[in-house]
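Before any comments, here is the structure.
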Amino acid sequence: MTASVSSRIAPSAGPPIDAGARATFTRSIRLKLRVPARLRNIELGLLLLACGINVAALALVQLGALGAVHAGIQVIAAGMTMLVLAMHVTLRIVAPDADPFILPIVTVLNGIGVAMIYRLDLADKSAGWTSGGIRQIVWTCVAIAITIGVLLLIRNHRVLQRYRYISMISGIALLLLPILPIIGSAKNGARLWVEIGPFSFQPGELGKVALAIFFAGYLVSARDSLSMVGRKVLGMTFPRARDLGPILVVFAASMAVLVFQRDLGTALLYFGLFLVMIYVATGRSGWIVLGLGMFLVGAFIASQALTYVGGRVHAWLDAFNPAIYDANGGSYQLVQGLFGFANGGLIGTGLGLGRPDITPLAASDYIVSALGEELGLGGLFAILALYLLFVSRGFRIAFAGQDDFGRLLAVGLSFVIALQVFIVIGGVTRIIPLTGLTTPFLAAGGSSLVANWIIAALLLRLSDSVRNQPRLVVETEPRDQLVVGQ
Amino acid sequence: MGGLTLLILRLAFLAVLWAFVFAIVYTLRSDLFGHRVRRMPTVAASAAAPVAQPVLGARTAVPTSAQSSTAARRLVITGGAKEGLEIDLPAEQLTIGRSSESGLVIRDDYTSTHHARLLNWNDGWVIQDLDSTNGTYLDGVRIIVPTQVPLNTPVKIGTTSFELRR
C-alpha cells in the first residue's frame with residue numbers, strides 16, 4: 001500500500017546531486033514490483049464457493065424431481081462457470097482493484113435462478129434448446145460475454161460523462177421502441193417487447209442503464225443551479241424551467257410508458273431512479289416530498305382512470321375474495337404465489353420437491369414465490385441478504401468515490417437494483433400492488449440479464465477506478481501498552 | 001435416494017448458502033464495524049519514509065501554474081508521527097481515516113475509520129468531519145459543519161496535525 005506514496009520530506013541533507021545525472025541514473029533502474037492482488041484472491045475464493053453452490057443447486061433439483069443426477073444440464077451450465085472464471089481473469093488484468101464481492105454475489109443469484117427455471121422445465125416436461133433453463137444459461141453466457149466486453153471497452157468511467165445526452169436520447173428511444181407499430185409487441189397486457197423475427201427483446205431494461213448515466217452526467221453539471229437558483233414557493237425553492245427541462249422530458253417519457261405501454265412497474269422504476277438521483281445530487285429532501293406527492297396523486301388517478309391499474313389495486317387489497325380470485329386478471333396468480341410461500345414454510349419443501357409450477361409465470365415474475373416454496377423462508381432470506389450486500393457494496397463504492405459523476409452513477413445503478421427488488425418482491429408478497437418487473441439476475445429473461453450484468457460491470461469498473469489508494473499512511477510509534485485488568 | 005438423505009442434503013444446501021453470505025460479511029467486516037485498533041509493527045510504519053523524495057527533486061516537478069491559483073496544492077504534516085512529510089492534494093477530495101481505503105490513512109487510537117474529508121470547493125479546501133468519535137480541530141476549535149480551511153492553519157486529527165500550503 002505504501003508503495004504508491006508520493007511524498008517528500010522538507011529539507012534534504014547530504015551532498016547535492018545533479019538533477020540530470022540522477023534522472024538518467026534512476027531511469028537505468030528497471031524495477032518490476034509484483035503487487036499481490038489481494039482483492040482478486042478473495043474474489044476467486046468466493047467465486048469457487050459460488051460455482052459450487054450453483055452445481056449443488058442443479059444437482060439437488062435433479063435429485064428432488066427426477067431421483068437421480070444426470071450430467072446433461074450440468075455440462076451446459078459448466079459453460080456459464082467457465083465464462084464467470086474468464087470474467088475473473090479479465091478483472092485481474094483490467095480492473096485489479098475492483099470490488100471482490102459483486103461478481104460472486106451475482107453468480108450465485110444467477111445460478112439459483114437457472115436452477116429454479118430448470119426445475120420448472122422439469123415440471124412442464126419441456127427439454128431441449130427451447131426450454132427455459134437452457135435459454136437462461138445461453139442468455140447468461142451472452143450477458144457475461146457482453147459484460148467482459150464492457151469492462152474491456154470502458155477503461156475509465158468518466159468517458160461516460162461525455163455521452164450523457166446521447167444516453168438520454170438512446171434511453172428514451174429504447175423506452176419508447178415497443179410503441180412502434182410493426183416491431184413492438186404486447187404480452188400479458190403490457191407492451192414492452194420488441195420482436196424482430198424469432199428474437200424478442202425488452203429494450204426498457206437497457207434503457208434504465210442509459211438513463212442512470214444521463215442523470216449522473218447531467219446532475220453533476222446542473223446540481224448547483226438546481227439547488228441554488230430559483231423562485232421560492234411555499235418554503236421550497238423551485239428551479240428555473242431551463243434547468244429542469246431535460247429532466248421533465250425524461251419524466252414525461254416515463255409517464256408515457258405508464259399510459260401507452262401499460263406497464264406500471266417500469267414507470268415506477270424510472271420515476272424512483274429520477275427522484276433518488278436528484279435528491280442525492282442536490283441534498284434537498286423537498287424533492288422527495290414533491291416526488292412522492294406527485295407519485296401518489298398520479299397513482300390515485302391511474303387507479304381510477306386506467307382499468308388495469310385499478311384491477312391490480314383490487315387484487316392487492318382484497319386478494320382472497322372469491323370473486324376477485326376467479327376474475328379474469330384477478331388475484332389467482334398472486335394467491336397461488338402466497339400459497340407457495342405457505343407451503344414452503346421455514347426450510348422449504350426442498351429443490352425439486354414442491355409444486356411451484358402451479359403459479360402462472362413462475363419462471364419470470366413469480367420466481368421469488370417458487371424459490372420461497374422450495375427453499376423456504378431461510379433460503380429466501382439468504383437471497384435477500386445477497387441483494388442487500390450487492391446494493392450496500394454499490395453505495396459503498398459511491399461513498400468512496402473520488403469524482404461526483406462516479407459517485408452519482410454508483411448510487412443510481414445500485415438504487416435501480418434495490419428498487420426493482422423491492423417492487424417485485426413487494427408485489428409478490430402482497431406488500432404493494434403487483435407490477436410486472438423482473439427480479440434482477442434471478443428471473444427468466446435475456447434483456448433483464450444483459451442489463452443487470454452491465455450494471456454489475458459498471459459498478460466493478462467504478463470500484464476499480466475510484467478506489468482510494470492511500471497517499472500517505474501515518475502510524476503512531478508503538479508506546480507503552482496499556483494493560484487493562486491484571 | 002432415501003427421504004432422510006434428501007432432507008440432509010436440503011439442509012446442507014441452505015447451510016452452504018448462508019455460509020456464503022457470512023463469508024462475504026466476514027470479509028467485509030472492517031467496512032461494517034470499523035477497523036480494529038491494533039499495534040502495527042514498526043517496520044510497516046517506517047516503510048513510508050524511504051519512498052519519500054527530497055524536496056529538491058520534487059520542487060521542479062510542481063508546474064509553474066501554481067502561482068495562478070490561490071488554492072492549496074499540498075498537505076504538510078506538522079505534528080505527530082510523520083512530522084515533516086507532505087503530499088500533493090488530489091483534484092477533488094481527500095478522505096482521512098483509519099480505513100485503508102482512505103486517501104490519508106492515520107492509524108492511532110483517536111482516529112475513526114472514516115474520520116473526515118477534505119473537499120475542493122470553489123478553489124478552496126473545505127474540511128468535513130464525518131461524525132468522528134474524537135473530532136477534527138481546525139486551529140484548536142472542534143468543527144461541526146464543513147469549514148473552509150485557510151492556508152497555513154493547523155488541522156488536528158488524533159495525534160496528527162497538518163496544514164494546507166500552496
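All values derive from a computational prediction rather than experimental measurement. Just so it is clear: chains get the letters A, B, ... in the order the sequence lines come, proteins before strands, and each one is counted from 1. Hydrogens, waters and symmetry mates play no part in the numbers below; they use all other heavy atoms, side chains included.
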Side-chain donor-acceptor pairs under 3.5 Å in residues 45-55 of chain A, sequence neighbours left out?
| residue | atom | partner | partner atom | Å |
| --- | --- | --- | --- | --- |
| A/Asn54 | ND2 | A/Thr107 | O | 3.2 |

Answer key: most heavy-atom pairs under 4.5 Å with chain B among A/Val108, A/Ile383, A/Leu388, A/Ile112 is A/Val108
Among A/Ala57, A/Gly64, A/Ala68, who wins on heavy-atom pairs under 4.5 Å with chain B?
A/Ala57
What distance do [X] atom [atom1] and [Y] atom [atom2] have between them, rounded to the nearest 0.5 Å?
{"X": "A/Arg393", "Y": "B/Leu28", "atom1": "CZ", "atom2": "CG", "result": "5.0 Å"}
{"X": "A/Ile347", "Y": "B/Leu14", "atom1": "CD1", "atom2": "CG", "result": "7.0 Å"}
{"X": "B/Thr5", "Y": "A/Leu63", "atom1": "OG1", "atom2": "CG", "result": "9.5 Å"}

B/Leu11 versus chain A, heavy atoms under 4.5 Å apart: side chain, backbone, both or neither?
side chain
Taking every heavy atom of B/Trp18 against every heavy atom of A/Gly378, the minimum-distance pair comes out as NE1-O, 3.0 Å
Of all the heavy-atom pairs spanning A/Ala385 and B/Val21, show the shortest one and how long it is.
CB-CG1, 3.9 Å
Side chain from CB out, backbone as N, CA, C, O: work out which of these in A/Ile105 comes under 4.5 Å of a heavy atom of chain B, or both, or neither.
both
With only heavy atoms counted, which part of A/Leu60 is less than 4.5 Å from chain B, the side chain, the backbone, both or neither?
side chain
Residue-level interface, residues 128-137 of chain B with chain A, non-hydrogen cut-off under 4.5 Å
B/Leu130
